[in-house]
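Heads up, the thing below is written out as structure tokens.
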2 protein chains.
Amino acid sequence: MTTGKESKPRRVTAKQVAQAAGVSRSAVSRAFTPGSPLDEGKKRKILQVSEQLGYRPNALAAGLQSRGRSNLVAIVTGDLVNHYDSEILAKLMRGLYAMGKWPVVLGGSAETSEAEILEVLAYPLDALILRGGSVDESVATHCAKLNIPLIVSGRVMDAEGVDCVCCDNMRGAELAVTQLIARGKTRLGYLGGLAHLSSDQERKAGFESALTKAGFKPAILEHSDFSYEGGYEALTGILSNDVELDGLFCANDAMALGAIAAGRQQFGLSIPSDLSVVGFDDIAIAQWPSFQLSTVRNDMDQTVSQILRLLTERLDQPEKASETILIKPEFISRGTH
Amino acid sequence: MTTGKESKPRRVTAKQVAQAAGVSRSAVSRAFTPGSPLDEGKKRKILQVSEQLGYRPNALAAGLQSRGRSNLVAIVTGDLVNHYDSEILAKLMRGLYAMGKWPVVLGGSAETSEAEILEVLAYPLDALILRGGSVDESVATHCAKLNIPLIVSGRVMDAEGVDCVCCDNMRGAELAVTQLIARGKTRLGYLGGLAHLSSDQERKAGFESALTKAGFKPAILEHSDFSYEGGYEALTGILSNDVELDGLFCANDAMALGAIAAGRQQFGLSIPSDLSVVGFDDIAIAQWPSFQLSTVRNDMDQTVSQILRLLTERLDQPEKASETILIKPEFISRGTH
DNA sequence: AAATGTAGTGAACACGTGTTCATGTAACGG
DNA sequence: CCGTTACATGAACACGTGTTCACTACATTT
């Protein structure tokens, strides 16, 4: 029926609308630019023809303009199997929509290759938000060269012009230790995640420092991978080696939940009378009736709103001095400590 | 120290590199285009200068080209609080990276406004992948007008040129009912999610049809919101009204887990001897030792690979006939039925 | 040596838009 | 009726790139 066009049909352009409506291409552009002076009747006509032809101004071409922004913001997220990462990603995205920005999401698995980040920098992003764990600091250099604002969250990066939003991990760990000791627990263990992440290192340091200050020594320092299964296996291993333990602080909630399951099922422990367990982050699952996990809240709403504030200000004043925001952790007392 | 520039500094351009390297701008473009003929020494020189100045070809400008693609693919995801949605999103994104496409993610909360989708269509997307729940079919019309391929997953959309990948929900529900009856359960209830979603309707229909075929009647048909808390409250309400129930089929895993918790904690039920519970989807949490949920697997790997296949083929042959792929569900037998 | 081919090169065009600029027209005040 | 002002208008430019098109210099073949 239709002529057998070989090439892929292209999107309707302003030129075609202009031709169909009997006006200049400039007028079409103006019809879609709120401030522009244009006859009301002509504007209606143009919008009607556009509707009919299915015309939408090409945001990509508009972003090419001198003053134009692409309105694209890349987010490097951590492993989405991690509930904390997926929950905060959802909140962050909604905040960006409200700002009229579109999130291009990278990462989402354990190893986010740096090459992937460099590739997306080919786009003239309005900003890059770095939330995943282990990314080299050289990313900051590349962003600086390309004049792309960089906002780091979940860790502190000490580089020129980089804004940071991070939880006060040491303080959070201290809170956990204090609360465990207040319940009379003294043989405390630490279950960390991937040891090369600064968040893990800081939580571990906070744990050790608070414990030392209270006059105790760690019963054990163990590492896993931030996953439920990892926590399950780690506590199984620890208790199989006859380590004396009455309290466990985990570097995130998933491992804490896994550890609780292992304690109950593999060793018949009663939580918290036999063993107290405290997590970190306060993901949604932590308050499920099945768990009622005591944990340290790593406040997502505050984190997201600070990221968005820094982003807005940075876009407004590119040369502004960079900031580092420390989010205050809060101990959430439930039933496992 | 630096001169107080008022305007935002712009990205380094090919023109500047050409000037600095003493070559034509064309040469710079060629240096970054693998197939192009260019003297080897000159190419090295250009790449070196680019490295030094921090030049990267602007992908946005390149995408404007006649044959160029933007390499942007929008994904409309469902509520990311939903674990199934966040897990499949992660897998889908990784698949897109492998294809050299960048995901622009929309949605992530219960109500994805259609206006949001229309706005992102301003970009010349290579494709739009629709995975959220309640989106009007008019999106298909808009995509068609803009020549943007549309791939729908999680539901079937009967529109010209739209490819679909969907789980066989009716078959899945039938599997669940069959397995419950095989365990001697006859007073079965259905706990649905948001009733306006087709996935919920199909699962409900499958439940009723299989039950009728076996000669039984539904003990109750209840609806909630696909959340853990919703499932908890729903079963609490049902059992409080003295409904006789020995088996419950839930439209997703989260509600099933909530129902299990409610049954155990609020009514002291033993699962599965007092009450069998079967979920749908098979999210990661379902196999946690704490739950060991029997469920119907809504296979993510198959779904994602089919989406990617359809995407590849559609980009290759825009005029190809549209397909609807039905993914076969599989019953996963664990400890709750 | 002449004819033919080949790789390299820069100018010019195309992509689709927002905006400036000069021009034209209508409204308004005197 | 004239001078001023305000507004509407289309042509032209800018944005940053990939690609085509002549054209040159050189190697190869006849």
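Chain letters run A, B, ... following the sequence lines, proteins first and then strands; every chain starts at 1.
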Requested in this report: With axes from five pairs an end, tell me the bend angle of the helix from C:dA1-D:dT30 to C:dG30-D:dC1, nearest 10°.
Outcome: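 About 40° separates the two local helix axes.
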With a 4.5 Å cut-off on side-chain heavy atoms, are [Y] and [X] touching?
| X | Y | answer |
| --- | --- | --- |
| B:K145 | A:V12 | no |
| B:T324 | B:S322 | no |
| A:L96 | A:L311 | yes |
| A:L92 | A:I75 | yes |

Query raised in the report: Hey, does the side chain of A:K42 come within less than 4.0 Å of D:dG10's phosphate (OP1/OP2), counting only N and O?
Result: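 Indeed, a polar side-chain atom of A:K42 lies that close.
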Requested in this report: Would you please classify the geometry between the A:Y55 ring and the A:F32 ring as parallel, tilted or perpendicular, with 30° and 60° separating the classes?
Outcome: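 Because their plane-to-plane angle is over 60°, the rings of A:F32 and A:Y55 count as perpendicular.
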Requested in this report: List the steps and the verdict of side-chain contact (heavy atoms from CB on, under 4.5 Å) for A:N58 and B:Y123.
Outcome: CA-CA 6 Å; A:N58 186 332; B:Y123 292 84; 5.9 Å; no
Report task. Could you run through nucleotides 14-22 of chain D and give me one letter per nucleotide, 5' to 3': B if any protein heavy atom sits under 4.0 Å from the base, S if only the sugar-phosphate is that close, - if neither? Result -> BBBBBBB--
Requested in this report: Give, for atom CG of B:D299 and atom CD of B:Q306, the distance between the pair rounded to the nearest 0.5 Å.
Outcome: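 With rounding to 0.5 Å, CG (B:D299) is 10.5 Å from CD (B:Q306).
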Report task. Using atom CG of A:D39 as one end and atom C1' of C:dA26 as the other, report the distance to the nearest whole Å. Result ->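 One finds 12 Å between C1' of C:dA26 and CG of A:D39, rounded.
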Query raised in the report: B:K43 has an atom NZ; how far is it from atom C1' of C:dG8, in whole Å?
Result: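 Spelled out: NZ on B:K43 to C1' on C:dG8 is 14 Å.
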Query raised in the report: With a non-hydrogen cut-off below 4.0 angstrom, is B:L60 in contact with a base, only sugar-phosphate, or nothing?
Result: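 Contact class for B:L60: none.
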Query - Among B:L130, B:L125, B:T141, the one residue meeting side-chain contact (heavy atoms from CB on, under 4.5 Å) with B:L150 - result: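 Checked B:L130, B:L125, B:T141 against B:L150; only one passes side-chain contact (heavy atoms from CB on, under 4.5 Å): B:L130.
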